2 protein chains.
Amino acid sequence: MAKKLYRGALTTIILALLKERGELYGYEIVQEVKKRTEGEWAITEGALYPALHKLEGVGHVTVTYREYKNRTRKYYRLTEQGRAEEANLQAEMESFLQSMHALLNPKWT
Amino acid sequence: MAKKLYRGALTTIILALLKERGELYGYEIVQEVKKRTEGEWAITEGALYPALHKLEGVGHVTVTYREYKNRTRKYYRLTEQGRAEEANLQAEMESFLQSMHALLNPKWT
DNA sequence: TGACAATGTCTAAGTAATTTAGGTATATTT
DNA sequence: AAATATACCTAAATTACTTAGACATTGTCA
């Protein structure tokens, strides 16, 4: 059974993958997440595509269309802004992990 | 500036604190989170109280009213079910951390 | 003493990320 | 031939949360 992906983490994941890989198309992101988490997470397309469109809308990614076996792939790539945002979200995620650690493993009572 | 608390984490936090402390009242939870995360997280009461009521509704916590200086405190305590749920959410959080790690620090490309 | 902050509870409207449940079309596998 | 995989999409419903209040008592400080 697929585990919970906390709300707000999806964009962080997308941007992190794009930063690492340079360029990915939507369906590829779904497969990549599934593979890397060994099936723990299944990103739904109903969440992914609107998230990608929003990222495009705010200028964090750009799109290139490429044909492959009669199907169109939309490749996404980080803009400069997107690269900055990726750093922000990465920092936020680390802060989250730290705070979570402080809460669940307290040093002082 | 207060950082993001990913959606879905609030209940995990509440149950974890109750497990550790045995008994807490709502306002105390707000203070405790603020203290432990050194101000990083500010749980809003508009989120906390409904969450507590929901936990009570599904039988994960019980309530005891206590008076203190003319003000009523509602103390929450885990039920057996709540204790089980706490373990589930804790496991889910750990799974999240692992998956997040796998995504952001991949071993294989 | 008068005002403002802190303590302590609550709710209701609005927001936004997600789930659910579809749709369309081609390629590949069984 | 039918089902699955690939590849994109959207719209309605859900839901956890934010915002913005309400109410009452106690503590603090000018």
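Since the model is a prediction, treat every value here as computed from it, not as a measurement. Residue numbers start from 1 in every chain, and the chains themselves are labelled A, B, ... in the order their sequence lines are given, proteins ahead of strands.
Across all their heavy atoms, Ile14(B) and Ala51(B) have their closest contact at CD1-CB, 4.0 Å.
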Self-check item: Letter per nucleotide, 5' to 3', of nucleotides 17-30 of chain C [B base touched, S only sugar-phosphate touched, - untouched; heavy atoms, 4.0 Å]
Solution: BSBB-----BSS--
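The separation between Tyr75(B) atom OH and dT9(C) atom C1' is 14 Å, rounded to whole Å. In this structure, the NZ atom of Lys34(A) is 11 Å from the C1' atom of dT6(D), given to the nearest Å. Straight-line distance from the CG atom of Leu52(B) to the C1' atom of dT11(C): 14 Å, rounded to whole Å. Here dT7(C) presents its P atom at 11 Å from OH of Tyr49(B), a figure rounded to the nearest Å. Atom CD of Glu32(A) and atom P of dA7(D) are 14 Å apart (whole Å). dA7(D) atom P lies 13 Å from atom CD1 of Ile29(A), rounded to whole Å. Remark: P of dG8(C) and CG of Leu24(B) are 12 Å apart, rounded to the nearest angstrom. Atom CZ in Arg73(B) sits about 12 Å away from atom C1' in dT9(C), given to the nearest Å.
Heavy-atom distances under 4.0 Å link DNA chain C to no residue of residues 55-68 of chain A.
At least one side-chain heavy atom of Leu15(A) sits less than 4.5 Å from a side-chain heavy atom of Leu55(A).
Paired with Glu32(B) under the rule side-chain contact (heavy atoms from CB on, under 4.5 Å), one option of Glu28(B), Arg36(B), Lys34(B) passes, and it is Arg36(B). Under the side-chain contact (heavy atoms from CB on, under 4.5 Å) test applied with Val63(B), the options Tyr75(B), Tyr76(B), Tyr25(B) reduce to a single match, Tyr76(B).
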Could you go over nucleotides 2-4 of chain D and give all protein N or O partners under 3.5 Å, atom names and distances?
none

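Remark: Leu24(A) CG to Lys19(A) NZ distance equals 14.0 Å, nearest 0.5 Å. Summarising the geometry, atom CZ belonging to Arg66(A) is positioned 10.0 Å from atom CZ belonging to Arg73(A); distances are rounded to the nearest 0.5 Å. Atom CG of Leu10(B) sits about 8.5 Å away from atom CD1 of Ile29(B), to the nearest 0.5 Å. Taken from OH in Tyr6(B) to CE in Met100(B), the straight-line distance is 7.0 Å, to the nearest 0.5 Å. For the atom pair OG1 (Thr79(B)) and CD (Glu86(B)), the distance works out to 11.5 Å, reported to the nearest 0.5 Å.
Remark: side-chain polar atoms of Ser95(A) are not paired, donor with acceptor, to backbone N or O of Ala91(A) under 3.5 angstrom.
OP1 or OP2 of dT6(D) sits under 4.0 Å from a side-chain N or O of Tyr27(A). Proximity of His53(A) to the phosphate of dC8(D): no side-chain N or O atom is located under 4.0 Å from OP1 or OP2.
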Self-check item: Working for side-chain contact (heavy atoms from CB on, under 4.5 Å), residues Leu103(A) and Thr12(B)
Solution: CA-CA 10 Å; Leu103(A) 276 169; Thr12(B) 306; over 6 Å; no
